[in-house]
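Residue numbering restarts at 1 for every chain, and letters A, B, ... go by the order of the sequence lines.
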4 protein chains.
Amino acid sequence: MKRLTIIILLIAAISFTGSGQKKIVNVPDLPGYVTLKCDFHLHTVFSDGNVWPTIRVDEAVRDGLDAIAITDHLEYTPHKNYIPVDHNAAYKIVAAYARDRNLILVQGTEITRSMPPGHFNALFITDANLLAVDSVWDAFEATINQGGFLLWNHPGWKAQQPDGIPRMYEMHHRLIKNKWLHGIEFFNYSEYYPLVMTFCTQYNLAVLANSDIHGIISEQYKNHTNRPMTLVFAKARTHEALKEAMFAGRTLAYFSNMIAGKVEYAKPFFYQCISISKPFYQSDKSTFFEITNKSDIPFYLINGVPDAPASITLAANAVTRVTISKKVTDPLAYEVKNIITGENEVLKVELNLK
Amino acid sequence: MKRLTIIILLIAAISFTGSGQKKIVNVPDLPGYVTLKCDFHLHTVFSDGNVWPTIRVDEAVRDGLDAIAITDHLEYTPHKNYIPVDHNAAYKIVAAYARDRNLILVQGTEITRSMPPGHFNALFITDANLLAVDSVWDAFEATINQGGFLLWNHPGWKAQQPDGIPRMYEMHHRLIKNKWLHGIEFFNYSEYYPLVMTFCTQYNLAVLANSDIHGIISEQYKNHTNRPMTLVFAKARTHEALKEAMFAGRTLAYFSNMIAGKVEYAKPFFYQCISISKPFYQSDKSTFFEITNKSDIPFYLINGVPDAPASITLAANAVTRVTISKKVTDPLAYEVKNIITGENEVLKVELNLK
Amino acid sequence: MKRLTIIILLIAAISFTGSGQKKIVNVPDLPGYVTLKCDFHLHTVFSDGNVWPTIRVDEAVRDGLDAIAITDHLEYTPHKNYIPVDHNAAYKIVAAYARDRNLILVQGTEITRSMPPGHFNALFITDANLLAVDSVWDAFEATINQGGFLLWNHPGWKAQQPDGIPRMYEMHHRLIKNKWLHGIEFFNYSEYYPLVMTFCTQYNLAVLANSDIHGIISEQYKNHTNRPMTLVFAKARTHEALKEAMFAGRTLAYFSNMIAGKVEYAKPFFYQCISISKPFYQSDKSTFFEITNKSDIPFYLINGVPDAPASITLAANAVTRVTISKKVTDPLAYEVKNIITGENEVLKVELNLK
Amino acid sequence: MKRLTIIILLIAAISFTGSGQKKIVNVPDLPGYVTLKCDFHLHTVFSDGNVWPTIRVDEAVRDGLDAIAITDHLEYTPHKNYIPVDHNAAYKIVAAYARDRNLILVQGTEITRSMPPGHFNALFITDANLLAVDSVWDAFEATINQGGFLLWNHPGWKAQQPDGIPRMYEMHHRLIKNKWLHGIEFFNYSEYYPLVMTFCTQYNLAVLANSDIHGIISEQYKNHTNRPMTLVFAKARTHEALKEAMFAGRTLAYFSNMIAGKVEYAKPFFYQCISISKPFYQSDKSTFFEITNKSDIPFYLINGVPDAPASITLAANAVTRVTISKKVTDPLAYEVKNIITGENEVLKVELNLK
């Protein structure tokens, strides 16, 4: 038999495996800011995760992220019979590895307590071992002393809140009073907590989406949905600028074709995603035009004004053809069903025909 | 049982079927021109195709095309026992249908003769029935009299050229002498003919890629390959501007991750597709930077200069990380294996680090 | 450049297009019967469909069907300006074409009236033109005179029943009294009508699932869902045996991971799909075993007995590992959420461990 | 906004992630034997792999394997600064985990030396730490003393054989003379070594296909190709029967739509995969029949006899329609291009029409 035959068969088998490349996540920058795609909640074999830390860097680069934090549990290290505990190990292992791949690496760890106060990620710290102390409040203080960012993780996790509804206890209020709490997860893994929008708006906290992955990213988030990402609007693509933006709360949470966050970021984000054409045709009764959505996020517009379409789906990376009656004179106002700006609120937008 | 259950199961079943939306084909414009994506060779039930003409419009809109021509055979109408012959029928059926969907419809037909001279599409004509005449030369003349564009189809089709190599016969030379021949297909269906580059360069003809589809586009061209498209560099997205650009020969042929055409269009097209970052890291020995390829076309760079990577794959819609030795002082010259500019030539490019 | 390169690139492009092959639909036979996969409701350009009849044969063979009927509308022929009306044309065009592909072709047509009585398919007829008469009752009688099978199509179609709920009018009762009505569609296109189970049980009619496709099957039913199929339990894979089974009402309706039909067929069908292993491990408290589901249909078991899993998903073409407490002594009874046996009933089954 | 909306969006996002289920690998048993699907070459964080051992069990169960061996390097443990070396650790960690999932776990390790003799897996051993000795021959002897099976890994690996061609050195001949060598890898990762068929035939050794995976199986072997598997024809699905079959050399190597192995197993394997129908139609000149291939492996038949099709592709899990001229009187002999039985030989088969 000819060698060529086998070679071609093997090409078919292996041609799907690439390397060294990152996909482009199509989300727009905001005026004056670059949008950094981040995941601040990842586990490895150094706590109860199942992968070596380099896998987290490879996954992030492939998925088009700009920054990650590895946040292994301080208080839960089930592999310790085989791996001696050093809470800085994962960070040390990948520091140069991430640098060579143009990925911003944020040092972090997870303070892992029963509720209250629950689980918190300490981000932008410098020595995780100093946070491994008995008193959770001491761990919080050590975070702050290192210039760290405190993130309240999955506040409605059913293992700690059986009804799934986040609650602020005394210690959470004390953190807020001290200005020690800086953000809360709206999306975690494959869950979401609407009430987080109320907390973040009231106390001006960053809204986050993180994967909290223990296994394999590509097996958990497949096909036509993205992994959770915190979109951070930073002045530059640097560790310093990322840190400044996080403390300033300039974020949106993005997961599964949904955006959650404050109106001040969600509104310009939506308008940067879409563009509206001039009419390409006019009949006696109707105007025909197109809306281009250059982002990876479909937008579901609902509750249109009379004589306009009641709903419009702006598919991702697609051009949508819209026909409206010439009777419509009002602005084309819609609600965007999948941009969540409050516990029971979605973004209101207007489409302005050129 | 709960009704909701069935509803959710049905959602899963039907959520993949969209409508009214066209995907964005990521190919860049050239300076001063808009890039129109076109397929000038399509069949329907009005000759030996298997679909009603509206299907061709729906497919084209969905696939992000800007213009199509339906080109049913004049001389081969196997359905005539059931469908009386009218060579303008398909055009009439979809004229308004295409207009309402913002698709430019070019009237056309296929003059279908044995070799020589083979098959020719008459494009931008006004009455196909006038081309249904005995003498092929009379059909050519009728095309020209209507202001039409003559395209030589699949010149190396094995049914007419058993060795697959295109040949110019006396009648082809006469067409060229008369300036009646305006373009040749480099790609047809799933074939290609390298020698077409020689003919098109020598006689300054447009280079085309068309599907020649008789069945279903989405079943022929699946997954990670595009349907054949002729990219036309027009002054505007109008029927008139398209026609001007076609007669001027401003085209590239695009199919299956390959581009074929003249250097004057291929070179700026490549440079519009990619952007090169500043170095994001420098070690003692190496410089690390990134190349972004915003197009749907991967580029395979080969034959690099010494000390630079011998080959680089710039995956589509992705950022590629490149590391080069600091010993490299020459310009980073490469050949682009999948941009074909001559029968045995590919495009030569240089990567200029900022 | 080397020719080989282009060849390999083209292989990648076209290797996904096969031909002449049909997939195996993994549904079991019943004891004494062969299970024929059928679609008895298809349109072509000869009424308001968009494809030539041969496409319907190609689709059916590829999708693993055993039998189809092309059922163009008698009373709605919008292409008649281009295609003269002959209600037998589609059948004549594909009769030999289907035979050479081992597909059973049932002659049919759609009697298309406003409600009541709505739309009916006449199947197993011999001359559709004889059914094109003014009185719908005369059309029914002509069907019966030809030995035909009368199928009530989409009885809850919202264009004819705005609330989506099927209703029997006087004429339906008259059909039943005459024994002229033989079946009703439970699934049509992407809809379903639970009340059909009540009608079919009460009057002993065949339960059907048909596509009613006008466009392209592969574009309507994508990825991990099947096209609608009527499963017919016939004594042999022949036109005669199919006809006998249809009049005897031995059918199940299958679509979108759901089965609907009478218990007498649904129950043995389920048990033919699955097999239960001996325990592969026993701990002090639990028994571990596996259930193999060799069919393409996942089964969602719910409402388990105490100490057994409350629900079990038996994924399609997969082996599911089940662990039960040794406290369980009762038979392992479950309801199968996606096997519908009545308007508000699903199949009840027992899992018998070896 | 309604909560339901978000819930449905999340269902779409997470519905692709299953658990507890294994897919059915469609390969037939041989008469008298059950076919066990095995991967005897896997790495974890305990040498230079990137995952915790439980991931290897999860992957294997999901992929439908019956048995695996984790074979971390004895001599190469780059994570030792973080993970103290214990060559039995991975086995201990997953012993009960595999048992509860009905996966046969074979204890193993990789003896990792430069060429000669190269890398060898010791399988079916009882204490890997006893193999961590200076002399490679002592390591071989320790393997044999534990009743182990010695597998020569990737004998043509270019890092050790720059021309990619396996060579037998003195030590390999000594192993064979002692009957200490029991098998060789034909497929490793995404490579293959044709000459291995010569060695295995000459010395009656088992032919293997293993993944040698260090990263994530699902990211390396995607879409329509399988991971490498050694198919073992055992008297039962037990550890003991597996061991007996391996020492008896009853195996085939399976990867990327290719089978490699001895004719005595390859031939009945092929005939168990397919069944040939009676003719379903006969014209004056031709006989029409169908061949069903129930396996996951397509078969490419080539070099047909005169008047029969020159080649036939029997797609996987599909029925192929075949038409042959009535002039053909000889047996329908073919070569199966993708069943490799020697360095330059493929399997010869005959199709017997009923």
Side-chain angles (χ1 to χ4, degrees), chain B residues 1-3 5-6 9-10 12-17 44-46 48-55 58-59 62 79 81-84 86 89-90 92-93 187 189-192 194 215-226 255-258 300 302 335 337-338 340 342-346, chain C residues 1-3 5-6 9-10 12-17 44-46 48-55 58-59 62 79 81-84 86 89-90 92-93 187 189-192 194 215-226 255-258 300 302 335 337-338 340 342-346:
Chain B
M1 76 174 304
K2 292 173 196 146
R3 188 68 54 87
T5 304
I6 294 189
L9 289 169
L10 279 170
I14 64 174
S15 65
F16 297 101
T17 60
T44 75
V45 293
F46 286 93
D48 58 343
N50 288 313
V51 303
W52 193 246
T54 52
I55 291 278
D58 293 342
E59 291 173 334
R62 177 199 64 203
H79 302 158
N81 288 348
Y82 298 95
I83 304 181
D86 170 2
K92 284 185 288 184
I93 287 167
F187 292 110
Y189 198 55
S190 59
E191 294 191 338
Y192 76 104
I216 312 297
I217 281 282
S218 64
E219 295 182 357
Q220 175 60 26
Y221 306 106
K222 286 187 187 173
N223 298 335
H224 44 102
T225 187
N226 58 288
F255 176 55
S256 184
N257 293 339
M258 283 185 278
Y300 305 104
I302 57 172
E335 293 182 303
K337 196 170 72 168
N338 59 326
I340 300 157
E343 189 193 351
N344 290 296
E345 288 170 19
V346 297
Chain C
M1 77 174 303
K2 293 173 197 149
R3 188 67 56 86
T5 305
I6 295 188
L9 289 168
L10 280 170
I14 63 173
S15 64
F16 297 100
T17 60
T44 75
V45 294
F46 286 94
D48 57 344
N50 287 313
V51 303
W52 192 247
T54 52
I55 293 278
D58 292 342
E59 291 173 333
R62 177 199 63 203
H79 301 158
N81 288 349
Y82 298 95
I83 304 181
D86 171 3
K92 284 185 288 185
I93 287 167
F187 292 109
Y189 197 55
S190 59
E191 293 190 339
Y192 76 105
I216 312 298
I217 281 282
S218 64
E219 296 183 356
Q220 175 60 24
Y221 305 106
K222 286 186 187 175
N223 298 334
H224 44 101
T225 186
N226 58 289
F255 176 54
S256 186
N257 293 338
M258 283 185 280
Y300 305 105
I302 56 171
E335 293 182 303
K337 196 171 73 169
N338 59 326
I340 300 157
E343 188 192 352
N344 290 296
E345 288 170 19
V346 296

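In this structure, C:Ile216 CD1 and B:Ile217 CD1 are separated by 11.0 Å, a value rounded to the nearest 0.5 Å. In this structure, CD1 on B:Ile93 lies 9.0 Å from CG on C:Asn81, to the nearest 0.5 angstrom.
If you run side-chain contact (heavy atoms from CB on, under 4.5 Å) between C:Val45 and each of B:Ile55, B:Thr44, B:Val45, only B:Val45 comes through.
Within 6.0 Å of OH on C:Tyr82 lie more than 12 heavy atoms contributed by other residues, nucleotides or ligands.
In this pair, B:Trp52 and C:His79 present their aromatic rings parallel. The plane angle is below 30°, not in the 30 to 60° band.
Inter-residue side-chain proximity for B:Val51 and C:Asn50 is flagged as unmet; no heavy-atom pair is nearer than 4.5 Å.
Proximity to chain B (any heavy atom under 4.5 Å) is shown, for C:Ile83, by both the backbone and the side chain.
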